Amino acid sequence: MPELPEVENIVVDLRKRILAKKISKVHIRLSKIIKNKKSFFINKVKDSKIVDIQRQGKFIILYLSKDYCLVIHLKISGQLLYLPSSHPLDKYTHLIFEFKNSNDQLRYRDVRQFGYMKLINRSELDDFLSSHIGPDYLSISSQDFAKVLKSRKRIIKSLLLDQKIFSGLGNIYATEALFQAKIHPKAISSVIKDVKIKKLYYAIQNVLRKAIHLGGSSINDYLRPDTSKGRYQQVLKVYQRKGKRCRRCGARISNVKINNRSSYFCPECQRL
DNA sequence: AATCGTTCCTGATAGC
DNA sequence: TGCTATCAGGAACGAT
């Protein structure tokens with residue numbers, strides 16, 4: 001499940017590999033991945049150059065020449081892989097970009113098929129982003145964060161995962177940050193003490209930065225464009241550790257469902 | 001404003 | 001062994 005750290009790693013890696021390259025060919029093998037008319041998509045993408053690559057929340061944005069942007073969301077199992085054209089194709093590879101004067105390809109692979117890409121005019125980008133996501137977790141201050149938590153009466157875990165409020169956190173890092181800040185995932189945002197809110201803010205920043213540094217978490221499908229794995233899964237404190245001992249106090253890690261998402265926590269360290 | 005159920009899809013897992 | 005049933009998971013959507 002690519003979250004902010006995984007997407008950041010992908011973006012940094014793609015900058016090294018495809019920035020300034022010209023797309024010479026596009027093969028669409030599964031049309032539903034593309035949220036445009038196929039002919040429009042191919043017409044605009046073909047022969048454009050990749051002039052910039054950015055991340056906002058979990059979105060990847062490829063800025064193309066001709067004033068278009070390609071917005072990509074990997075959802076649960078989407079992968080962007082940079083591979084030689086000789087690399088074997090499988091049935092999960094839904095789209096292939098080829099580049100001028102290159103034998104390498106950028107492939108979009110997605111087992112679950114939930115991810116998508118959409119080509120939009122550059123002038124539409126801000127509207128697109130603001131209608132889907134709030135400010136990125138790496139761009140907000142402790143004060144911004146506290147203000148929102150206090151103004152809402154929401155279960156903290158579901159607030160953290162709501163991309164329209166702040167963007168980039170997913171189940172893994174929200175779970176880990178709550179553990180680090182010793183906050184129960186079902187705590188109500190408006191009643192969390194100021195000191196704890198500050199602690200949570202720094203826990204989120206800390207978890208995200210460390211995960212970026214370790215190349216993200218390869219738990220299920222995540223791979224970097226060069227097919228290497230991340231290493232953050234090796235340092236997880238609570239995620240997917242139900243029934244195991246808390247690394248801080250030794251209690252058994254519990255699991256609750258919040259919005260149909262499993263949430264792991266230590267019943268001793270994270271009291272309601 | 002917040003929450004809940006449903007949907008998309010398929011590999012993994014459980015149960016028989 | 002091989003079958004079927006169930007479930008996870010990000011976010012949009014409609015309903016409450």
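Convention: sequence-line order gives letters A, B, ...; per-chain numbering from 1. Both backbone and side-chain heavy atoms feed into the values below; hydrogens, waters and symmetry mates do not. Computed from a prediction, not measured in an experiment: that's the story for all the values here.
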message: According to ring-ring contact (aromatic ring centres under 6.0 Å, His included), does anything in residues 74-116 of chain A pair up with another residue at least two apart or in another chain? List the pairs.
response: none
field: Pairs touching residues 47-68 of chain A that satisfy ring-ring contact (aromatic ring centres under 6.0 Å, His included), sequence neighbours left out
entry: A/Phe40-A/Tyr68, A/Phe59-A/His73, A/Phe59-A/Phe128, A/Phe59-A/His132
message: Would you say the ring centers of A/Tyr173 and A/Tyr137 fall short of 6.0 Å from each other?
response: no
message: Using a 4.0 Å cut-off to any heavy atom of chain A, which nucleotides of DNA chain C are the first and last in contact, reading 5' to 3'?
response: C/dA8 to C/dA12
Identify whether [X] and [Y] are in the same connected component of the hydrophobic contact network (ILVMFWY, side-chain heavy atoms under 4.5 Å).
X	Y	result
A/Ile165	A/Ile155	no
A/Ile50	A/Leu70	yes
A/Ile96	A/Leu74	no

Rounded to the nearest 0.5 Å, what separation is found between the [atom1] atom of [X] and the [atom2] atom of [Y]?
X	Y	atom1	atom2	result
A/Lys198	A/Leu149	NZ	CG	14.0 Å
A/Ile258	A/Leu160	CD1	CG	10.0 Å
A/Ser77	A/Gln113	OG	CD	8.5 Å

Do the side chains of [X] and [Y] get close enough for a salt bridge, i.e. N-O under 4.0 angstrom?
X	Y	answer
A/Asp136	A/Arg55	yes
A/Asp162	A/Arg154	yes
A/Asp47	A/Lys100	no

Does any residue of [range] have a heavy atom under 4.0 Å from DNA chain C, and if so, which ones, in number order?
range	result
residues 226-238 of chain A	none
residues 257-264 of chain A	A/Lys257, A/Arg261, A/Ser262
residues 72-82 of chain A	A/His73, A/Lys75, A/Ile76

Please check: side-chain N/O of [X] versus main-chain N/O of [Y], any donor-acceptor pairing under 3.5 Å?
X	Y	result
A/Asn43	A/Ser39	yes
A/Asp226	A/Ser228	yes
A/Asp144	A/Ser141	yes
A/Ser102	A/Asp104	yes

message: Over the length of the helix from B/dA2-C/dT16 to B/dC16-C/dG2, how much do the five-pair end axes diverge, rounded to 10 degrees?
response: 50°
query: Closer to the 5' end of DNA chain B via nearest nucleotide, is it A/Lys32 or A/Ile155?
result: A/Ile155
statement: Students should find that the hydrophobic cluster of A/Leu81, defined by side-chain heavy atoms under 4.5 Å apart, otherwise consists of A/Leu83, A/Leu223
- request: Any chance you could pull the hydrophobic cluster mates of A/Val195, using side-chain heavy atoms under 4.5 angstrom and chaining through other members?
  value: none
- prompt: Who are the ring pair (Phe, Tyr, Trp, His ring centres under 6.0 Å) partners of A/Phe41, not counting sequence neighbours?
  reply: none
field: Residues in contact with DNA chain B, drawn from residues 133-154 of chain A - heavy-atom cutoff 4.0 Å
entry: A/Arg152, A/Lys153, A/Arg154
- prompt: Between A/Leu161 and A/Ala174, which heavy-atom pair has the shortest distance, and what is it?
  reply: CD2-CB, 3.8 Å
message: Using a heavy-atom cut-off of 4.0 Å across all strands, would you classify A/Tyr173 as base, sugar-phosphate, or nothing?
response: nothing
query: Mind checking which nucleotides bracket the chain A contacts on DNA chain B, 5' to 3', with an atom under 4.0 Å from a heavy atom?
result: B/dA2 to B/dG11
